[in-house]
Amino acid sequence: MTGNDLKSFTDKNQWLLSPTARALGALIIVFAMGLIFNADGAFLKWGTHRDMLRAVSVYGILACGMTIVIITGGIDLSVGSILALSAVSFSLMAIHFAMNPILAIIICLLIGTACGCSSGLLIGKYSVQPFIATLAMMVFGRGLAKWVSGGQKISTAVQQADGTYQYVEVPKVFDFVNSKVFADNITVVTLILIVCLVISWVLLTKLRQGRYIYAIGGNEEAARLSGVPVLSSKILTYGLSGLFCGIAGICQACQELQGDPEAGVAYELSAIAMVVIGGTSLKGGRGGIWLTLIGILTIGYLEKILSINAVGEDKRLMLTGAIIIAAVLLQKTRK
Amino acid sequence: MKKLLFTILVVSLASLVCVVGCSRKTPASDADSPVKYKIGMSQCNLGEPWRVQMNADVKNAAEEYSEIEVIFKDAQNDTLKQRSHMEEFISAGVDIIIISPKESVPLVPIISQAYKNGIPVIILDRKIIGDDYTCFIGADNIEIGKAAGKWIAANLQGKGKVIELKGLMTTIAGQDRNSGFRQGIKDSDIEIIFEADMKWLEPNARKEMESALSRFEKIDLVYAHNDPGAHGAYLAAKAAGREKEIKFVGIDGLPQEGQIYVKQGVLAATFEYPTGGREAIEAALKLLAGQEVPKKITLPSKIYTPENIDQGGQHLK
C-alpha cells in the first residue's frame with residue numbers, strides 16, 4: 001500500500017485514526033501474538049486471562065491515578081513508595097495490632113491521600129515542578145515505609161519479647177481480597193481495579209472538576225484566567241492519586257499476605273508506561289481512562305504471554321521495550 | 001507565605017534532630033563505659049531481609065560482650081557509598097572492619113589499603129579478588145544448591161516434573177543455586193519443565209507460577225532460589241486449589257520467613273543460608289585477643305523440614 005492509498009483508506013475510515021482505535025491496534029497485535037504463541041493451549045484458557053487481570057490489577061489501580069495526574073500535565077513518581085507505606089501500615093494494623101479491618105483500611109487510605117495532597121500542595125501552592133515534588137515524596141515515602149516497619153517485612157510471623165517468632169493467623173480481610181468470586185472467574189483485586197476505573201471515569205467525564213483537570217493540562221494560565229481553581233484541583237488530583245496508591249497498597253499486602261517495605265519499587269514506571277501506551281499525552285490536556293485500560297491490558301497480556309512461554313529475562317526486557325515503542329509510534333501516525 | 005515556609009523548615013529540621021537524637025540512645029560515649037574496641041560494620045544493602053538478619057546477628061552477638069562496640073553503616077546497594085564507609089572507618093581508626101561487600105572487584109583497593117594499614121578486615125558472604133584481607137566467612141551456594149537437588153531427587157524417588165524459579169541469573173547467588181541444583185539432580189530422572197527469573201521477589205514468583213499452572217496439568221515440586229519465591233509459588237497454587245499436590249522447596253531459612261513457612265506446612269523444606277554474623281564477632285574477638293583465625297571459614301548449612309523444625313533443623317553433611 002502506498003502512502004496515497006493509505007491516505008484514501010484512512011480518509012474513508014476516520015474512526016481508524018481515533019485515539020481509541022490506535023491504542024486498540026497495539027492490544028490486538030499483542031493478543032494475536034498470544035493466540036499464535038499459546039503455550040500448548042494455555043493462552044486459550046480463561047484461567048490464564050483471570051490470572052493476568054489479577055497480576056495487572058495493582059499496577060492498573062496506580063495507573064488510574066497516574067492518568068488523572070498526567071492529564072493535568074504533571075507526573076507522579078511517588079506511587080510505588082506510597083503503595084509500600086500503605087502495605088506495611090495495613091499489615092501492621094491488621095496483623096500485628098489485630099485492628100478492625102475497616103478502620104485499618106480507612107487509616108491507610110487517609111495516609112495515602114495525605115501523602116498525595118502534600119505533593120499537590122507543593123506543586124500547586126509553591127510551584128515546585130511535579131517531577132521534583134513527587135521525586136521527593138518517593139524518597140521520603142520509602143524512608144517512612146522502612147521506618148514504620150523497622151526495615152523488616154510485616155508478616156504473620158510476629159517477633160516475641162524473647163526474640164523468637166510466633167505465627168499468627170492471617171486476618172480474614174486478607175483472604176477476602178485475595179480470593180476469587182463469581183464461580184472463581186474473577187479476582188476481588190480486579191473488581192477493585194474496575195471500581196477505581198469507574199471512579200476516575202466519572203470524575204473525568206461527568207463532573208465539573210474533570211473539565212478543570214483537562215483545562216489545566218491544556219493551558220494552565222488560560223485556565224487560571226478563566227476562573228478554574230487551579231490550586232484545589234491540583235491538590236485533588238494528587239490526593240486522588242495518593243488515595244489510589246493507598247488502595248493498591250492494601251491489595252498488594254493482601255496478595256502477599258505481608259507488608260513489604262521494598263514493595264512497589266519501579267511500579268511508577270509501569271504505571272506511566274500503561275498510561276502512555278493507551279495514548280494519554282504526557283504534555284497534558286488529552287487522554288482518558290478507557291485508553292489507560294487498553295494500556296493496562298496491553299502490558300498485562302504482553303507480560304503474560306512472555307511468562308507462559310517461559311521467555312528469558314533478557315528477551316523479555318527487549319520485547320517490552322520494542323512493544324512500548326511500537327505502541328507509541330502507532331499513536332503518532334498522522335493522516 | 002515566607003513565614004509559613006520558615007515554619008515548615010524549622011519543624012522539619014526539629015523533627016530530623018529528634019529522629020537522629022532518638023536513634024542514638026546507647027550511652028557509648030560515657031567516660032566510664034567499658035568499651036575498649038570499636039568495630040566498623042559495612043553492610044551493602046539493608047533492603048534485603050537476609051541482610052537485615054545478618055546485621056541483627058552481628059548486633060546480638062556483640063551485645064554479649066561489653067568491651068566491643070559496633071558501628072553499623074548501610075551502603076544502600078551502592079559500591080561507592082561502601083567505599084566511603086571504608087574510608088570513614090580507616091580515618092576513624094576502628095580496631096576491626098567487618099564488610100559484606102556489594103561487589104568482588106571494585107572494593108579491592110580500599111579493603112587492601114585498610115588491611116595494609118594494620119586494620120584486620122573480615123569479609124562476610126561475598127568473596128573479593130586477591131588475598132588482602134584477614135578472614136572470609138561465608139556459606140557455599142553451590143553446595144546448598146547441590147544438597148537441595150539431592151534432597152529433591154530423593155524426595156521424589158528420583159523422578160518427577162519440577163519447576164525452577166530462579167533468583168536473578170545475573171547474580172552469583174542465582175547462578176550458584178542454579179548450577180548446584182543441576183549437579184544435584186544430574187543422576188536422577190527429574191525433569192525441569194518450566195524455569196523463570198523471579199528476581200528474588202514474591203509477587204513475580206506468584207505471576208510466573210500462575211503461568212506454569214495454566215500450562216501444566218501435573219507439577220510435582222517447585223524449587224525456588226529463595227523462600228519468598230517459594231511462598232509466592234505456593235500462593236499461586238493455593239489460589240488454583242492445587243497446593244496439596246505440589247511440594248515447595250526454598251532457600252535461606254530465616255527464622256521469620258522460611259522456618260515459619262515450614263512450620264505452617266507451606267514449604268516441604270528450606271535450606272538455611274547462614275548469615276555468619278555471629279561467627280564474624282567471634283572471629284573479631286579472637287583477633288582482638290591476639291589469636292590467629294583461619295583465612296577462610298565456610299559456614300555449615302542446615303535443612304529445615306516439618307519433621308526436624310522443632311529440633312532446630314539438621315546440619316547438612
From [atom1] ([X]) to [atom2] ([Y]), nearest 0.5 Å:
{"X": "Met52(A)", "Y": "Glu210(B)", "atom1": "CE", "atom2": "CD", "value": "11.0 Å"}
{"X": "Gln258(A)", "Y": "Glu202(B)", "atom1": "CD", "atom2": "CD", "value": "4.5 Å"}
{"X": "Glu303(A)", "Y": "Ser211(B)", "atom1": "CD", "atom2": "OG", "value": "10.0 Å"}
{"X": "Leu213(B)", "Y": "Thr48(A)", "atom1": "CG", "atom2": "OG1", "value": "10.0 Å"}

Option that, when pairs with chain A are counted at under 4.5 Å, heavy atom only, ranks first among Asn60(B), Asp197(B), Leu168(B), Thr170(B):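 Winner by heavy-atom pair count: Asp197(B).
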Glu256(A), part contacting chain B, at a heavy-atom distance under 4.5 Å: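 Both backbone and side chain of Glu256(A) come within 4.5 Å of chain B.
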Interchain contact, Gln152(A) with chain B, by part (heavy-atom threshold 4.5 Å):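 It is the side chain, since no backbone atom gets that close.
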Toward chain A, the part of [X] with a non-hydrogen atom under 4.5 Å:
{"X": "Tyr261(B)", "value": "side chain"}
{"X": "Ala212(B)", "value": "neither"}
{"X": "Glu217(B)", "value": "side chain"}
{"X": "Gln264(B)", "value": "side chain"}
{"X": "Ala56(B)", "value": "neither"}

CA sep, side-chain torsions, deciding dist, call: Glu257(B), Lys153(A), side chain to side chain contact (heavy atoms under 4.5 Å, CB included): CA-CA 9 Å; Glu257(B) 242 173 39; Lys153(A) 291 179 186 169; 3.3 Å; yes
Taking atom [atom1] of [X] as the centre, does the number of heavy atoms from other residues, nucleotides or ligands within less than 6.0 Å exceed 12?
{"X": "Leu44(A)", "atom1": "CG", "answer": "yes"}
{"X": "Lys161(B)", "atom1": "NZ", "answer": "no"}
{"X": "Gln159(A)", "atom1": "CD", "answer": "yes"}

Given Arg215(B), Lys207(B), Glu208(B), the one that forms side-chain contact (heavy atoms from CB on, under 4.5 Å) with Ser307(A):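 Result for side-chain contact (heavy atoms from CB on, under 4.5 Å) with Ser307(A): Glu208(B).
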Intermediate values then yes/no, side chain to side chain contact (heavy atoms under 4.5 Å, CB included), Lys199(B) and Glu313(A): CA-CA 9 Å; Lys199(B) 299 175 216 162; Glu313(A) 181 66 18; 2.9 Å; yes
Nearest atoms (heavy-atom pairs only) where Tyr167(A) meets Ile260(B):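 Heavy atoms of Tyr167(A) and Ile260(B) come nearest at CD1-CG2, 4.0 Å.
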Closest approach of Gln256(B) to Ser155(A) (non-hydrogen atoms, all atoms of both residues):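 In terms of heavy atoms, the two residues are closest at O-OG, 4.1 Å.
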Side chain to side chain contact (heavy atoms under 4.5 Å, CB included) between Arg54(A) and Arg206(B), worked out: CA-CA 11 Å; Arg54(A) 182 204 66 75; Arg206(B) 183 169 174 173; 3.4 Å; yes
Sidechain-backbone polar pair: Lys45(A) side chain, Ser214(B) backbone, donor-acceptor under 3.5 Å: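 Yes, because the side chain of Lys45(A) sits within donor-acceptor range (under 3.5 Å) of the backbone of Ser214(B).
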